[in-house]
Amino acid sequence: MTIRTRVAPSPTGLPHLGTAYVALFNRAFAHQQNGKFVLRMEDTDVGRSDSESDQAIQDALRWLGLDWDEGPDVGGPHGPYRCSERLSIYHELIAELVAIGGAFYCFCTKERLDSVRANQRQQGLVPKYDGHCISLSKQEIQTRIDKGTPHVIRLKVPIEGNCVFHDTLRGAIEIPWGQVDMQVLLKSDQFPTYHFAASVDDHLMEISHIFRGEEWLSSCPKHQLIYTYFGWQQPELIHLPLLRNPDHSKISKRKQSTSINYYRRCGYLPDALVNYLATMGFSMPDEREIFSFQEFQDAFTPSRVSTSGPVFDIAKLSWLNGQYIRNLSHSDFQKSLGEWAFGDGRADAILRLVQERTERFDDVFAQADYLLGERATLTAESFNHKKITSDECVRVLYFSQLLLEHLNQRDGELISEAFKKLAAQLDLKLRDCLFPVFVAISGRSVSLPLFDSMQILGLDVVNARLRSAIHVLGGVSKKMSKRLDTEWHQHATRLINTTKTE
RNA sequence: GUCCCCUUCGUCUAGUGGCCCAGGACACUGGGUUUUCAUCCCAGCAACAGGGGUUCGACUCCCCUAGGGGACGCCA
C-alpha cells in the first residue's frame with residue numbers, strides 16, 4: 001500500500017501555526033514511507049474563503065520547506081486539489097448517498113433550528129437536529145424543490161448504540177450515537193460542508209493516514225458513517241495534541257500570534273520554527289532537541305507522539321532560533337538578515353519616509369528603529385497623556401485591533417479614513433485618538449507616519465504590538481471585552497462600509 | 001449542561017513494572033571565562049494531580065475523584 005497523507009487547510013485568514021504543525025507530521029510520515037504528501041485547499045465556505053489567503057498559506061508552507069507532492073498549484077493524478085473545483089464530484093456522490101438512504105433532504109429554516117436547539121439546551125439535552133424532515137416522502141421533497149424552497153442535505157445518524165472508531169495514539173474510542181448530530185453535508189448554496197468534502201476527498205485521493213488536530217476527534221463518528229454508507233475503508237487516524245496558549249487553552253490569535261507570517265517577520269528562521277514545532281508533542285529517541293527536518297523524518301514514529309497539549313513557548317523558540325542563527329556562516333547570516341530587513345521593497349518604503357525627515361545620515365537609523373526591529377519596551381507610563389486617559393487608550397487600542405482586522409486591507413488611505421471615523425465615533429480628536437496607537441506601534445508618541453508604518457510592518461506585527469500594548473495597560477477583562485465588543489458592533493457598520501465606498 | 005480526550009519540574013519533555021528518593025532542555029538564581037554585553041562553562045532551584053486497587057514491587061496497569069482541554073454551526 002502506498003502511504004498518502006494530506007493537510008487540508010481552509011483558506012480563511014492568515015496562515016496558521018496549526019496548519020504548519022499538522023503539515024509537518026503528515027509530510028514527514030509520508031516521505032519516510034516513500035509515500036506522497038498532498039495539499040488540499042478546503043475552500044468550502046464561500047463567504048470566508050479568499051484567494052489571497054489561499055496563496056498566503058502556500059507561501060508560508062513553502063517558506064517553511066513543507067512543500068507538497070500534489071496540490072492546487074503543482075497538480076497531480078487526483079486533482080483538482082481545491083474543493084470549489086470539485087463540486088460536481090460532491091453532487092454526484094451526495095445523490096448516491098441519498099439514494100442508498102444515508103442522507104436526506106432538509107427544508108428547515110434557521111429560525112426553527114435555532115429554537116429547537118435553544119429548547120434542547122434548556123432541557124440539558126445535546127443540541128442537535130430533531131429529525132423533522134427525515135421521513136418526507138419523495139413527492140413532498142420534489143414539490144418543495146420544484147417550488148425552489150432552500151434546502152440542505154443531512155447525514156442520517158443512528159439513534160441508539162455507540163460508534164467505535166480507532167485512533168492510533170489512543171486506541172478504541174467509543175461515542176454514543178445519541179451525541180452525534182445529523183450533520184449538514186450539502187449546504188443550501190450547493191457547497192459541501194467540510195465533513196462531507198474531506199471524507200469524500202480523502203477517499204478519492206487515496207489518503208491512507210490522517211494526522212490532524214485533536215479537535216476533530218468528536219466528529220469522527222460522522223466521517224466513519226459516511227465511509228460505512230459508501231463501503232469505503234477509512235484512513236488510519238492519528239489525532240495530534242492541540243497547540244496551547246500559555247493558559248493552556250487552544251492556541252488562538254487573541255492571546256498570542258498564530259500567524260506563521262508573524263514569526264517570519266519577527267526574524268525566526270524557517271528551520272528553527274519547524275524544529276521547534278516538531279518538539280511539540282514529539283521527542284527524539286535520544287532526546288536531542290536540535291534537529292533538522294530530515295532527521296525528524298528519519299526518526300519519526302507515531303508511538304513517540306504524546307497526547308497532552310503542549311504550550312507554545314516563545315522563550316524556548318527564541319533560544320532555539322538563536323542556536324540556528326549562531327550556526328549560520330557569516331555570509332549566510334548577512335544574506336538572510338539583509339533579505340529579512342530590506343527585501344521585498346522594504347528598504348525603499350522605509351527610506352522614502354525617512355529622507356524628508358533627515359538632516360544627517362546618522363539620523364536615519366534612529367528614526368526607523370521600530371520598523372527594522374522590535375519597538376522600545378513599554379510601560380504604563382508610556383501612555384501618560386494630557387488629553388486621553390489610560391482607559392481611553394485601552395479602548396482605542398482594542399478598537400484599532402478590531403478595525404484593522406475587519407478592514408482586512410493594507411491600503412494606507414483606507415486605514416487613514418477608517419481611523420478618522422473611529423476618532424469621530426469615540427468623540428476624540430484624531431491626534432489624541434492616535435496617540436496610544438503611535439506608542440503601541442513605534443514605542444514613541446512621535447514617529448514616522450503611522451499608517452505607512454503599519455503597512456511596512458504588516459498586519460501580523462501590528463496586531464501583536466497592539467495586543468502587547470493593551471497588556472501593558474493592564475489588559476482587557478472578559479467582561480470589559482464583552483462591553484467593548486458590543487460597543488464596537490454599534491460603530492462597525494458605519495466604519496467599515498462607508499470606508500469601503502470612498 | 002452532555003459527550004470525548006488529556007494529567008511527570010513554571011514550560012517542552014525522557015520514562016512502556018524493578019536501572020528513578022525520577023533524567024535532559026528552556027526559563028529562573030548563583031558562580032566562572034570574556035574590556036562591557038551576548039555566547040560558552042559549572043552549580044542550584046524545581047515535578048510523577050489526589051485516593052483506592054492489581055503486584056513481591058508502581059511514574060509506568062485498572063477504577064474513582066479532581067483539574068485542564070476539545071466538540072456540540074448551512075465554520076473548518
Side-chain angles (χ1 to χ4, degrees), chain A residues 8-13 16 18-19 22 41-49 83 106-110 113-114 117 120-129 150-154 162-163 165 167 169-198 212-222 239-251 276-290 303-323 325-327:
Chain A
S10 73
T12 55
H16 199 275
T19 303
V22 169
M41 281 298 171
E42 217 73 18
D43 57 347
T44 52
D45 185 332
V46 181
R48 291 202 306 151
S49 299
C83 291
C106 168
F107 300 89
C108 293
T109 59
K110 186 177 181 304
L113 294 173
D114 284 347
R117 279 195 271 257
Q120 289 165 329
R121 231 180 257 277
Q122 219 163 29
Q123 292 173 55
L125 299 170
V126 190
K128 54 176 192 167
Y129 186 63
H151 59 275
V152 300
I153 295 178
R154 288 180 183 274
N162 292 334
C163 172
F165 62 95
D167 172 89
L169 303 179
R170 288 159 256 260
I173 295 172
E174 217 171 317
I175 295 178
W177 282 118
Q179 289 289 324
V180 182
D181 196 6
M182 301 192 198
Q183 179 66 48
V184 170
L185 300 180
L186 195 76
K187 309 183 228 186
S188 55
D189 65 0
Q190 297 300 295
F191 269 67
T193 56
Y194 174 87
H195 299 284
F196 189 64
R212 53 149 60 135
E214 201 184 352
E215 62 209 307
W216 293 104
L217 223 35
S218 49
S219 0
C220 286
K222 296 169 186 172
H239 289 92
L240 301 166
L242 258 24
L243 262 22
R244 307 293 183 92
N245 296 316
D247 68 1
H248 291 95
S249 56
K250 168 171 137 176
I251 198 167
Y276 180 67
L277 247 17
T279 65
M280 303 268 86
F282 172 82
S283 61
M284 282 295 214
D286 63 359
E287 294 190 55
R288 222 171 350 143
E289 296 193 288
I290 302 178
S303 67
R304 292 201 66 84
V305 176
S306 60
T307 44
S308 53
V311 172
F312 191 87
D313 178 8
I314 296 177
K316 186 147 182 180
L317 169 62
S318 296
W319 166 79
L320 190 62
N321 200 56
Q323 300 295 314
I325 296 258
R326 288 178 210 113
N327 249 331

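All values reported here derive from a predicted model rather than from experimental measurement. In what follows, chains carry the letters A, B, and so on, assigned in the order in which the sequence lines appear, proteins first and then strands, with residues in each chain numbered from 1.
Heavy atoms of A/V184 sit under 4.0 angstrom from primed sugar atoms or phosphate atoms, though from no base atom. Counting any heavy atom pair closer than 4.0 Å across all strands shown, A/T44 reaches sugar-phosphate atoms only and no base atom. Nucleic acid contact class of A/H195 (heavy atoms, under 4.0 Å, all strands): base. At the heavy-atom level, A/C108 lies under 4.0 Å from base atoms of the strands shown. Across all strands shown, A/R48 has heavy atoms under 4.0 Å from base atoms, whether or not it also approaches the sugar-phosphate. Residue contacts shown for A/E174 are limited to sugar-phosphate atoms, with no base heavy atom under 4.0 Å away. Note on A/Q323: only backbone sugar-phosphate atoms sit closer than 4.0 angstrom, heavy atoms only; bases stay farther off.
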Quiz item: A/S219 and A/Y194: side-chain contact (heavy atoms from CB on, under 4.5 Å), yes or no, with the steps?
Solution: CA-CA 11 Å; A/S219 0; A/Y194 174 87; over 6 Å; no

Quiz item: Between A/I175 and A/F165, is a side-chain contact (heavy atoms from CB on, under 4.5 Å) present by the stated rule, with each step listed?
Solution: CA-CA 9 Å; A/I175 295 178; A/F165 62 95; 3.8 Å; yes

Quiz item: Checking side-chain contact (heavy atoms from CB on, under 4.5 Å) for the pair A/I290/A/L320: CA distance, chi angles, key distance, verdict?
Solution: CA-CA 8 Å; A/I290 302 178; A/L320 190 62; 3.6 Å; yes

Quiz prompt | Pair A/R154-A/Q183, side-chain contact (heavy atoms from CB on, under 4.5 Å): steps then yes or no | solution = CA-CA 5 Å; A/R154 288 180 183 274; A/Q183 179 66 48; over 6 Å; no

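Between A/D313 and A/K316 there is no salt bridge, since no side-chain nitrogen of the basic residue lies less than 4.0 Å from a carboxylate oxygen of the acidic one. Between A/R288 and A/D286, at least one side-chain N (NZ, or NE/NH1/NH2) sits under 4.0 Å from a carboxylate O, which counts as a salt bridge.
Residue A/Q183 places no side-chain N or O under 4.0 Å from the OP1 or OP2 atom of B/A76.
A gap of 11 Å separates the P atoms of B/U60 and B/U7, to the nearest Å. On the C1' atoms, B/A46 is 13 Å away from B/C26, given to the nearest whole Å. Going from the C1' atom of B/C6 to that of B/A49 covers 12 Å, rounded to whole Å. Nucleotides B/U16 and B/G32 are separated by 41 Å at their C1' atoms, to the nearest Å. Rounded to whole Å, the separation between the C1' atoms of B/G68 and B/G50 comes to 15 Å. For the P atoms, the distance from B/C41 to B/A22 is 25 Å, rounded to whole Å. B/G23 and B/G44 have their P atoms separated by 11 Å, given to the nearest Å. Taking atom C1' in both B/C48 and B/C61, the straight-line distance is 15 Å, to the nearest Å.
Here B/A76 presents its P atom at 11 Å from CZ of A/F191, a figure rounded to the nearest Å. Spacing between atom CG of A/N321 and atom P of B/C12 amounts to 20 Å, rounded to whole angstrom units. Atom CZ of A/F312 and atom C1' of B/U13 are 16 Å apart (whole Å).
At a cut-off of 3.5 angstrom, the base of B/A27 holds no donor-acceptor pair with the side chain of A/K316.
The backbone N or O of A/P127 sits nowhere less than 3.5 Å from a side-chain atom of A/R121 that would complete a donor-acceptor pair. Checking side-chain atoms of A/R304 against main-chain N and O of A/F282 turns up no donor-acceptor pair under 3.5 Å.
Under the Watson-Crick and G-U wobble criteria, each requiring two contacts below 3.5 Å, nucleotide B/G44 is paired to B/C28. Remark: B/C37 base-pairs with no nucleotide; criterion is Watson-Crick or G-U wobble with both hydrogen-bond distances under 3.5 Å. Using the Watson-Crick or G-U wobble rule with both distances under 3.5 Å, B/C72 pairs with B/G1. Checking B/G18 for Watson-Crick or G-U wobble geometry (two distances, each under 3.5 Å) identifies B/C56 as its partner. In this structure B/G67 sits in a base pair with B/C6, meeting the Watson-Crick or G-U test at under 3.5 Å.
Considering NZ of A/K187 and OG1 of A/T44, their distance stands at 4.5 Å, rounded to 0.5 Å. We find the CD1-NE2 distance between A/I173 and A/H239 to be 7.5 Å, quoted to the nearest 0.5 Å.
Counting only heavy atoms from C-beta on, A/V311 has its side chain closest to B/U11 among B/U7, B/U11, B/C75. Minimum atom distance to the side chain of A/I175 is reached by B/C3, of the listed B/C74, B/C6, B/C3.
Between the side chains of A/T12 and A/S10, at least one donor N or O sits under 3.5 Å from an acceptor N or O.
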Name the pairs: protein N/O against N/O of nucleotides 62-72 of chain B, kept only if under 3.5 Å.
| from | atom 1 | to | atom 2 | distance (Å) |
| --- | --- | --- | --- | --- |
| B/G69 | O2' | A/R244 | NH2 | 3.3 |
| B/G70 | OP1 | A/K250 | N | 3.1 |
| B/A71 | OP1 | A/K250 | NZ | 3.1 |
| B/A71 | O4' | A/S218 | OG | 3.2 |
| B/A71 | O2' | A/S218 | OG | 2.8 |
| B/C72 | O2' | A/P127 | O | 3.1 |

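Less than 4.0 Å separates RNA chain B from at least one heavy atom of each of the following residues of residues 280-290 of chain A: A/M280, A/G281, A/S283, A/E287, A/E289.
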